[in-house]
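See below for the structure under consideration.
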Number of protein chains: 2
Amino acid sequence: MSKRKISIEDIARRAGVSHSTVSRALRDNSLISPQVREEIKKIAREMNYVPNAVAQSLQNKRTNTIGVVVTSIADPFFAEVVEGIEQVARSAGLSVLLSTSHRDFEQELAAIDSFHRRRVDGILVADSRISKHHTQQLAQIAVPIVFLNSQTQELPEMFHIVTIDDFLGARLAVEHLVSLGHTSIGYLGVGDRSRSNHQRLEGYRIALKEAGVLPKTDWVALSDEEHGRTDDVAIAQQLLPELFKTGVTGIFCYNDMVAVGAMLACQELGISIPQDLSLVGFDGIALSRYVTPPLTTVCQPMLELGRSAMQMLLDLLQEKNVENLVLSPFLVQRGSSAELMANG
Amino acid sequence: MSKRKISIEDIARRAGVSHSTVSRALRDNSLISPQVREEIKKIAREMNYVPNAVAQSLQNKRTNTIGVVVTSIADPFFAEVVEGIEQVARSAGLSVLLSTSHRDFEQELAAIDSFHRRRVDGILVADSRISKHHTQQLAQIAVPIVFLNSQTQELPEMFHIVTIDDFLGARLAVEHLVSLGHTSIGYLGVGDRSRSNHQRLEGYRIALKEAGVLPKTDWVALSDEEHGRTDDVAIAQQLLPELFKTGVTGIFCYNDMVAVGAMLACQELGISIPQDLSLVGFDGIALSRYVTPPLTTVCQPMLELGRSAMQMLLDLLQEKNVENLVLSPFLVQRGSSAELMANG
DNA sequence: TTGAAAGCGCTAACAA
DNA sequence: TTGTTAGCGCTTTCAA
């Protein structure tokens, strides 16, 4: 932004009109004679004029920009979500500012604050860690905020949410294993994703109960909070041996990366999948199709999640009424799950 | 940006000073008495003042924003690169505007143009399709542009570039196969990535030549341009059978996704890896570690690529002299490649 | 140490 | 249909 650029003043001077006439011409305002308009446009083109969006924003009180916070871009899940967001944003003429929170509360707030200063028109936050204590602070921002798969247990009513139905997803996974004859079914989870982990665990419990199975307490393996920062694959590799010893014949994993970790551990232990153990993942990232055996998993419509959230934000920007959205995951059966063997 | 926000005027009124004094206080200007400064800061805090970055940008001619164009965010390679960019940008206090080009020339230009209007301080373009015909147009932009792994054959000197050494990477791959005893080595490439594909193919040819092998023409399999838009996995699946028939015992694949496609095709044909065929990929995306067998691949330092490019941009913004950078890939040997069997 | 005033590049109300 | 003027919220001379 250093070098002096052509402004409407420059064009005005060259065209022998006032700068407001130029402004009108460029914006196709009706109160202007067609000839002058075309002439001005021609001059603008010749001078390589590029409108200054910063000045426009200051005047219009709109930046045509939205802010997006995700925990990590390198995570295939969020990458897909952001892809969906960007598609819709772009087709609506909005640019997206991207920031990462690394599941850290402070960083999330810092990102939102930065968006606030930049006066974005709206904000999208995935996997938010924000709690109701910050309601006040967020309310100040005065632009619509939509949360995607919020991890906060209870979010004030004033916020808008698009979530995946974790509870349903967990049930689909467990019911699938039950339908294959499994009754000893474990849950391999992670410690730090409060809401989604809880919901999936709850779905697991209810589904087992409905199948008439009383789950043993050691069928549920969760990493300590401390491991929260380590990667899911490693956590699962570490947790699987113990879990397998409890005699489970099927495991519902918190997500696909956890399932991959479980697979690796099984490989090392000589446990064959799905013969000795059936595995079900969650998310449906590309990777799940390419591991061996391909992973049976509960797919989240990731692109759709991003698209819907962005669409909701668009509606909010047009002051439409919107309702919170719960998207349904669906099971994709692949090679990692099979009928319980007689010797299971 | 709709609701009226607190401005320095409001604070000035409340503090009984002029707005310029407020501006000075808030910016820790030295020409101001400590008491007044603290008092003003206190009032600002009480009034929940959030500076308007748009107004600041208009005045300062700096937006503290950079624009990033990638072909796709959902691509694990670019996701990682963007992660690296964002890390460095954020620690330098810059926000990143993200846009996608989908390998499409027009979309790439549109994205850059949008950044130009928004007066970003600098631009990063990955996998650019821009040719020298657009030099003029890009020169207008007057902010530094750094290209990452540019796909353009010849880019004018005025542009800054960070690339991976594709040529070296290809040699590493082929030399690895040669060291395992392979002599009939194929190349499985894609049609549309002009530069990187050419470089890798060239590296493949040279390496073979140096090993004293005269490659048969049908050892090189490339998808038609038309398939350019399809995904790499599918292309490879389609191309592998023919390529295998030529009698190659090792294949260097354009990238990891191509290698995965090759693996899937082999599974279907009953070709076992690495016994019947050794496979080497390129990129080193996470996926490469989790397929079976794990993929031997030429790793690009993706995070580093993003970080270096962003660092170069930072240097450019400080008017430092920078030199184009070529990063070296490195081979990671895993299970998909092995010594040539006697019956190979 | 502070205030008054100009100006960044644009839009829009009001006048002509 | 066009020009004049004010103002978006800020930084920065120049005077006081």
Side-chain angles (χ1 to χ4, degrees), chain A residues 1-41 43-44 47-65 116-121 142-143, chain B residues 1-41 43-44 47-65 116-121 142-143:
Chain A
M1 206 167 155
S2 46
K3 207 165 78 182
R4 177 109 198 325
K5 290 258 167 55
I6 303 296
S7 73
I8 55 173
E9 294 281 0
D10 301 315
I11 300 175
R13 211 169 304 126
R14 185 100 97 87
V17 296
S18 78
H19 74 278
S20 39
T21 301
V22 175
S23 173
R24 287 190 192 101
L26 262 22
R27 319 184 57 254
D28 286 323
N29 188 307
S30 54
L31 319 160
I32 197 172
S33 78
Q35 306 97 286
V36 195
R37 186 199 306 154
E38 289 316 313
E39 175 64 12
I40 290 177
K41 284 192 173 181
I43 295 179
M47 297 179 83
N48 285 313
Y49 170 71
V50 178
N52 185 329
V54 177
Q56 290 176 321
S57 295
L58 184 59
Q59 172 65 239
N60 299 337
K61 299 183 158 305
R62 257 187 138 255
T63 53
N64 292 313
T65 302
H116 188 186
R117 303 164 75 100
R118 300 190 116 87
R119 301 295 195 263
V120 298
D121 297 333
V143 305
Chain B
M1 205 167 152
S2 45
K3 206 164 81 181
R4 178 111 197 323
K5 289 258 168 56
I6 302 295
S7 75
I8 54 172
E9 294 281 1
D10 301 316
I11 300 175
R13 211 169 303 126
R14 184 99 96 87
V17 296
S18 76
H19 74 277
S20 36
T21 301
V22 175
S23 173
R24 287 190 191 101
L26 262 20
R27 317 187 58 257
D28 286 321
N29 189 309
S30 54
L31 319 161
I32 196 171
S33 78
Q35 308 94 288
V36 194
R37 186 200 305 154
E38 290 317 312
E39 174 63 13
I40 290 177
K41 283 193 173 180
I43 295 179
M47 297 179 83
N48 284 313
Y49 171 71
V50 178
N52 184 331
V54 177
Q56 289 176 322
S57 295
L58 183 60
Q59 173 66 238
N60 298 339
K61 299 183 158 305
R62 252 185 142 257
T63 53
N64 292 314
T65 302
H116 188 185
R117 303 163 76 100
R118 299 190 117 87
R119 300 296 193 264
V120 297
D121 297 334
V143 304

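Computed from a predicted model, the values in this text were never measured in an experiment. So you know, we letter chains A, B, ... as the sequences are listed, proteins then strands, and number each from 1.
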Let me know the distance between CD1 of Ile32(B) and P of dG3(C), rounded to the nearest Å. 9 Å
Could you check whether Ser18(B) and Thr21(B), counting side-chain N and O atoms only, form a donor-acceptor pair closer than 3.5 Å? yes
Using the salt bridge (charged side-chain N to carboxylate O under 4.0 Å, His left out) rule, collect all pairs that involve residues 9-35 of chain A, keeping only residues at least two apart or in two chains. Arg4(A)-Asp10(A), Asp10(A)-Arg13(A), Asp28(A)-Lys41(A)
When you measure from the side chain of Asn60(A) to the backbone N and O of Arg62(A), does any donor-acceptor pair fall under 3.5 Å? no
Separation of atom NE2 in His116(B) from atom C1' in dG9(C), rounded to whole Å: 14 Å
Going 5' to 3' along nucleotides 8-16 of chain D, which nucleotides have protein heavy atoms under 4.0 Å from the base (write B), which only from the sugar-phosphate (write S), and which from neither (write -)? BBBBBB---
How many angstroms lie between atom OG1 of Thr63(B) and atom CZ of Arg118(B), to the nearest 0.5 angstrom? 10.5 Å
Does the side chain of Ser33(B) get closer than 4.0 angstrom to OP1 or OP2 of dT1(C) through an N or O atom? no
Only counting residues at least two apart or in another chain, list the ones meeting side chain to side chain donor-acceptor pair (under 3.5 Å) with Ser33(A). none
